[in-house]
Amino acid sequence: QVQLVESGGGLVQAGGSLRLSCAASGRTVNGYHMAWFRQAPGKEREFVVAISWSSRSYNAESVKGRFTISRDNAKNTVYLQMNSLKPEDTAVYYCATSRRRLEPDSPTYVRNPLNYEYWGQGTQVTVSS
């Protein structure tokens, strides 16, 4: 059984930084797309950033230059480094992994939440102004 457990969320002031972790069990993170999505109150879940099985990174326009995704295969963990945080980054952040290995490695594919089979429970990030 595949499980994803996020951690590292919290309250931070605008301009600050946080690093989220997503620890996977039941399956390796190597060879699969790994992504972070977020959902703010009253809004739909939106794509934030992804790292493909080939280690290409994809970022939403709103977080480019501020957020970085990385993968540690030895620890079977994916990280989201968030810098220069803004109040509009406030949301629950979810980690997700794709259904199969070596899926299409394209921006359209990795940004679609329907292409992710397993999701974590989410971690709250709150940025105060």
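One-based numbering along the sequence shown.
With rounding to the nearest 0.5 angstrom, the CZ atom of Arg19 is 11.5 Å from the CG atom of Asn83. Of the inter-residue distances, the one linking Ser129 atom OG with Lys86 atom NZ reads 14.0 Å to the nearest 0.5 angstrom. Atom OG of Ser55 and atom CG of Asn30 lie 7.5 Å apart (nearest 0.5 Å). Within the model, atoms OH of Tyr94 and CG of Leu20 stand 13.0 Å from one another, a figure rounded to the nearest 0.5 Å.
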Exercise. How far apart are the C-alpha atoms of Phe37 and Phe47, what are their side-chain angles, what is the distance that settles it, and do they pass the side-chain contact (heavy atoms from CB on, under 4.5 Å) test?
Worked result: CA-CA 4 Å; Phe37 290 79; Phe47 170 79; 3.7 Å; yes
For this session: Start with the C-alpha distance between Met82 and Val12, add both sets of side-chain angles, then the distance that settles side-chain contact (heavy atoms from CB on, under 4.5 Å), and finish with yes or no.
Result: CA-CA 11 Å; Met82 304 186 294; Val12 63; over 6 Å; no
For this session: For side-chain contact (heavy atoms from CB on, under 4.5 Å), just list the numbers for Arg45 and Trp119, CA-CA rounded to whole Å, side-chain angles, deciding distance to a tenth of an Å, and then say yes or no.
Result: CA-CA 12 Å; Arg45 189 170 298 190; Trp119 294 78; 3.2 Å; yes
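Residues Val48 and Tyr58 are members of separate hydrophobic clusters, defined by side-chain heavy-atom contacts under 4.5 angstrom among Ile, Leu, Val, Met, Phe, Trp and Tyr. Both Val49 and Tyr93 sit in one connected hydrophobic cluster of ILVMFWY residues. Membership requires side-chain heavy atoms under 4.5 Å apart, directly or through other members. The cluster map of Ile, Leu, Val, Met, Phe, Trp and Tyr, joined by side-chain heavy atoms under 4.5 Å apart, puts Tyr79 and Leu4 in different clusters. Connection of Val78 to Tyr116 is not established within any shared hydrophobic cluster, with ILVMFWY side chains joined at heavy-atom distances below 4.5 Å, either directly or through further cluster members. By the criterion of side-chain heavy atoms lying less than 4.5 angstrom apart, applied directly or through intervening Ile, Leu, Val, Met, Phe, Trp or Tyr residues, Val110 is not grouped with Val63; the two fall into different hydrophobic clusters.
The backbone N or O of Gly122 lies less than 3.5 Å from a partner atom in the side chain of Glu6, making a donor-acceptor pair. Using a distance-only test at 3.5 Å, with no hydrogens or angles considered, no donor-acceptor pair links the side chain of Asp89 to the main chain of Val125. Checking side-chain atoms of Arg101 against main-chain N and O of Gly31 turns up no donor-acceptor pair under 3.5 Å. Under the 3.5 Å distance criterion, the side-chain polar atoms of Thr97 are left unmatched by any main-chain donor or acceptor of Met34. For the pair Asn76 (side chain) and Arg27 (backbone), a donor-acceptor distance under 3.5 Å is present.
Residues satisfying the salt bridge (Lys or Arg N to Asp or Glu O under 4.0 Å) criterion with Lys64, sequence neighbours excluded, are Glu61. In this structure, the salt bridge (Lys or Arg N to Asp or Glu O under 4.0 Å) partners of Glu46, at least two apart in sequence or on a different chain, are Arg38.
For the side-chain contact (heavy atoms from CB on, under 4.5 Å) test with Ile51, the passing option among His33, Arg56, Arg71 is Arg71; the others fail.
Scanning both residues, Ile69 and Ser57, for their nearest heavy atoms gives CG2-OG, 3.9 Å. Across all their heavy atoms, Ser17 and Ser84 have their closest contact at OG-N, 4.3 Å. Between Thr77 and Ala23, the shortest heavy-atom contact is OG1-CA, 3.9 Å.
Between the side chains of Ser106 and Thr108, no donor N or O sits under 3.5 Å from an acceptor N or O. Under the 3.5 Å distance criterion, with hydrogens and angles disregarded, a donor-acceptor pair is assigned to the side chains of Tyr109 and Glu103.
A 4.5 Å side-chain heavy-atom check between Trp36 and Asn59 finds every atom pair outside the cut-off. Annotation: side chain of Val29 is in contact with side chain of Asn73 (closest heavy-atom distance under 4.5 Å).
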